Amino acid sequence: MNAPAPVRVVILGGGTAGWMTAAALAKLLPGQADIQLIESEEIGIVGVGEATLPHLREFIRRLGLDEMEFMRTTRATFKLGIDFVDFGAIGERYIHPFGAYGTDIAGVGFHHYWLRMQAAGQVPPICDFSLPIVAARGKRFAPVPEGGDLLDSSYSYAYQFDATRMAPMLRRFAEAHGTRRTEGKVVAVERDAASGDVARLRTDRGDVIEGDLFIDCSGFRALLIGETLQSPWEDWSEWLPCDRAAALPCAAPDGPIEPYTRATAMPAGWRWRIPLQHRVGNGYVFSSNHVSEDEACAAILGAVEGEPLADPRVLRFRAGRRTKSWDRNVVAIGLASGFLEPLESTSIHLVQQAVTRLVELFPQRRIDACDRDSFNALVDREYDRIRDFLILHYHATRRDDSDFWNHVRTMALPPELERKMALWKDSGRVELYTEGLFLEASWVAVYLGQGVMPRGYDQRADIPPQNRIAQSLADLDGAIRSRVAAWPDHAEYLRQAGAWEAA
Amino acid sequence: MTGAHAQTRSVLVIGDGIVGLAAAIALRRALPGAAVTLVQLPADRGGWIDRLGAATPVIHKFHRQIGLDPRLFARRAKAEPVHLRRYVAADGTAVREAATTAIPFVEGVALHQIWLRHRAETTDATPDFAAMLLALRDARGDEGGFGARFDAAAYAALLGDMAATLNIVRRDAAGIRVETGGKAIQGIVTPAGETLTADLYIDAAGPRSRLLSALGVGWLDWSPSLPALTLAVAPGGAGAIGEEVLTTASDALHWQTRPWSATIAAGGDAPGRLVQSWQGNAVAIGEAAVRAPVADGSLLGNALEDILRVIALLPRPDGQGRDTREYVRRTAIAQDALGNWSSLCLAPDGAARSDSLIAMLTAFDARGRIAAAELDPIAPGQWLARLMALRPPPRRIDPTALALSEDIVRTTIARAAPQ
């Protein structure tokens, strides 16, 4: 058998998505993919997604990057979850942890027992039974030990990092693995007359770059998938009305560093607070129908805790996705393929997922429709499920203090989410799926955290005598407290582990 | 919060075959406070499960849940594990399939892709793929193999003893009449004129099922894609420990295991499934809900999964719960997977295939990749191992495998090859 000729891959755009794609293809498909990346130093990068999800660790591992070097370069901190403030009602808060509550007993989920005890009267909040939540509140961190017990394996972690530092790091990596970089702005996209596929790109410097497979990482502009191929866009703004973000970095305060991201509900959206080593990222994600850009900038300036390091910068976007992320011989990855607000830190994850799928379904020079269809089905499912999960954060509220919250509280839901919520409200059960980002524990966290109490629970949770469950809960609570008490302070651990970049 | 007042306090299981007994025992264990009654019907020879002593590894999980000692199962039901299948074609050629739940990955690349590359590029002999899986199985430990093969009548007797120990009430009935009202069962009337009622009715009567049809639930006919086949089982099989042999003859499929031998030939009921397996206060499980000819243990495996799913999602007895819809969704996925699995092995060439099976075969034939449906009880590794055994090799080798160094390919094959 003759080895097939390498597929000529042309990546357009050198932001986070572009260099993540280049790095992964270069590392995982040597000899199979011949990679060229075009970017212009004159075009800035959005660099969204300072907060990430635990899956990113797998990406770093597969590339063979050193975790501590990655953290030093990107000034990263550890992350155990997201603290949601004022979402269910003003004054309420909960942490969505990277991990579970308690452990199943006799095959029945922990939260069913908790619901029984809650119905019976006094029981501490369910948050107390999650190791990562208790640790996050104590601003402590420890890595997941190898071969630990059930409690040790009940959590995971991610990073909060400076996204503008990730792309240069991955660029060095991709170039060392054979990726060629071309400086320039694309001024013309030429298509094959017969097939309609994209054939070559021309830059303002006169370069002509031919390819078999084009990866559109041009961000919101979507030069190839949108402007050239006119691949349709599915708009989700009816459910996710936020369409702007006012970003504002601040100086890092002295003292402990939170190993979690905070999301605080605002009158027309919400704001993030992401503590890094050298600064704190902030931003107000808002609906321009409900508040003006100037008002939003004033609001974020008034809300931040530290010294602002710049003026607020407004980003514009719209929630939705391409109906086909892979159209003809163009694959859109990152903002060119879709956008979901960073409420659950999913932006970089969606890039990572798309890159992983592309590696799995990497085509030959002549693209097989079957690969393309599989890719699109997988990407769609990922987006759709995250979408429903995000909508839940808005809809599951008792807030009636602004037009924005009145709108999201009363809006009609996508039928899939309607069905999921009906099942939960009825019996405390979560629609089962195994693929996708947010599984049972995450749904339980948001439902209970935002005050959506089910009418019933699994009847098997009624079997053990009440005092035995109370004892189990007390034991678990004690075990979590003593485990966390032995953990180092988060900032201290960053230094101790070699993750700290001496600035 | 309801908890207490929405409980299922009584369950009536119709049919005392293996599936009915298993359901009654599992419910008795899961709901110690509920009354469980088993309605014994006259013996029925139409179903396969009560005659075909074969189950997937889920039977071991099920036994753990009901507290049945695996050694007792092995002794009483003469159960034997199986982890290798040999398929012998009419012309005498044979292929082998090894049991696995997951194809191992090396450097992020699936083992079968590395095997395909080695086979295409090397003039040295590439070991049998099944032999490689077996060698790895020895290294990784048994994952349950293809499950268990056993004496079905002895297993039913064992479950019967267990039901008696658990004080499950048994009622004899030569036949039953179903009383319905609206979209729910009002009661089951015996020939003696007695009316049996419960919060929940479980139809485990096999092909004679009638509870769901009495409630107006329709049947999906799979005749276009699956043949109607009959089963004959004879005790006293033969063969090596851990192996079974499927031999295709001109008019039948002969299946030989150690506890028995079976013959599958044309005839019998048309395959298909209920449009929905749960309606109001009645749920159909096992062959009452889906009928498909199989030449492995997946028919009973599917029925046991049904029981576990009923317990996990036990809806409110008023039948108004949303859990019913979730049960129907999960069950339909499992049943359609069973239909595809059956069709892959037993449908004649040229038979129609479901869209999902066509998509799976297309992807496998193209590049040795499959996208199994979510919640498919048949794991991707099981699909791949069977496709590798029964289909021609994929047309192209995955680029991730081609990107590996020759050294990794060589050492992987050498390491996984049987010693």
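Quick note on labels: first sequence line is chain A, next is B, and so on, each numbered from 1. Values in this document were obtained by computation on a predicted structure and should not be read as measured data.
- A 6.0 Å sphere centred on CG of B:Asp355 holds no more than 12 heavy atoms belonging to other residues, nucleotides or ligands.
- For the set B:Ala312, B:Ala110, B:Ala366, B:Ser405, the count of heavy-atom pairs under 4.5 angstrom toward chain A peaks at B:Ala312.
- Side-chain N or O atoms of A:Gln450 include one that pairs as donor or acceptor with a backbone N or O of A:Ala396 at under 3.5 Å.
- Under the 6.0 Å cut-off for aromatic ring centres, A:His177 and A:Phe173 qualify, their centroids lying closer than that.
- One N or O on the side chain of B:Trp278 and one on the backbone of B:Gly280 form a donor-acceptor pair closer than 3.5 Å.
- For the 3.5 Å distance criterion, the side chains of B:Thr331 and B:Arg309 qualify, holding a donor opposite an acceptor.
- In this structure, the ring-ring contact (aromatic ring centres under 6.0 Å, His included) partners of B:Phe129, at least two apart in sequence or on a different chain, are B:Trp115.
- No other option in A:Val7, A:Asp368, A:Val359, A:Asp371 has as many heavy-atom pairs under 4.5 Å with chain B as A:Asp371.
- If you measure heavy-atom distances from B:Asp398 to chain A, the contacts under 4.5 Å come from the side chain alone.
- With chain B as partner, the option from A:Arg429, A:Glu360, A:Arg460 having the largest number of non-hydrogen pairs under 4.5 angstrom is A:Arg429.
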Compile the donor-acceptor pairs under 3.5 Å between side chains in residues 60-68 of chain B and protein atoms, sequence neighbours left out, one pair per line.
{"from": "B:His63", "atom 1": "NE2", "to": "B:Tyr155", "atom 2": "OH", "distance (Å)": "2.7"}

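- Close approach to chain B, defined as a heavy atom under 4.5 Å from one of its heavy atoms, is seen in no residue of residues 100-110 of chain A.
- Between the CD atom in B:Glu121 and the CG atom in B:Leu402 there is a gap of 6.5 Å [rounded to 0.5 Å].
- When each of A:Gly31, A:Ala422, A:Cys370 is scored by its heavy-atom pairs under 4.5 Å with chain B, the top score falls to A:Ala422.
- Using a 4.0 Å cut-off between charged side-chain N and carboxylate O, A:Asp458 and A:Arg116 make no salt bridge.
- Proximity to chain B involves both the backbone and the side chain of A:Leu432, based on heavy atoms less than 4.5 angstrom apart.
- Using a 4.5 Å cut-off between non-hydrogen atoms, the part of residues 372-389 of chain A that approaches chain B consists of A:Leu378, A:Arg381, A:Arg385.
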- Message: Applying ring pair (Phe, Tyr, Trp, His ring centres under 6.0 Å) to A:Trp424 and A:His111, what does each step give before you reach the verdict?
- Response: CA-CA 12 Å; A:Trp424 169 264; A:His111 72 275; 5.5 Å; yes
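- With a threshold of 4.5 angstrom between heavy atoms, B:Leu313 approaches chain A through its backbone and through its side chain.
- The residues A:Glu58 and A:Arg61 are annotated as salt-bridged, a charged nitrogen and a carboxylate oxygen being separated by less than 4.0 angstrom.
- Salt bridge present: B:Arg330 and B:Glu326 bring a charged side-chain N and a carboxylate O closer than 4.0 Å.
- Salt-bridge annotation for A:Arg180 and A:Asp34: present, with a side-chain N of the basic residue lying under 4.0 Å from a carboxylate O of the acidic one.
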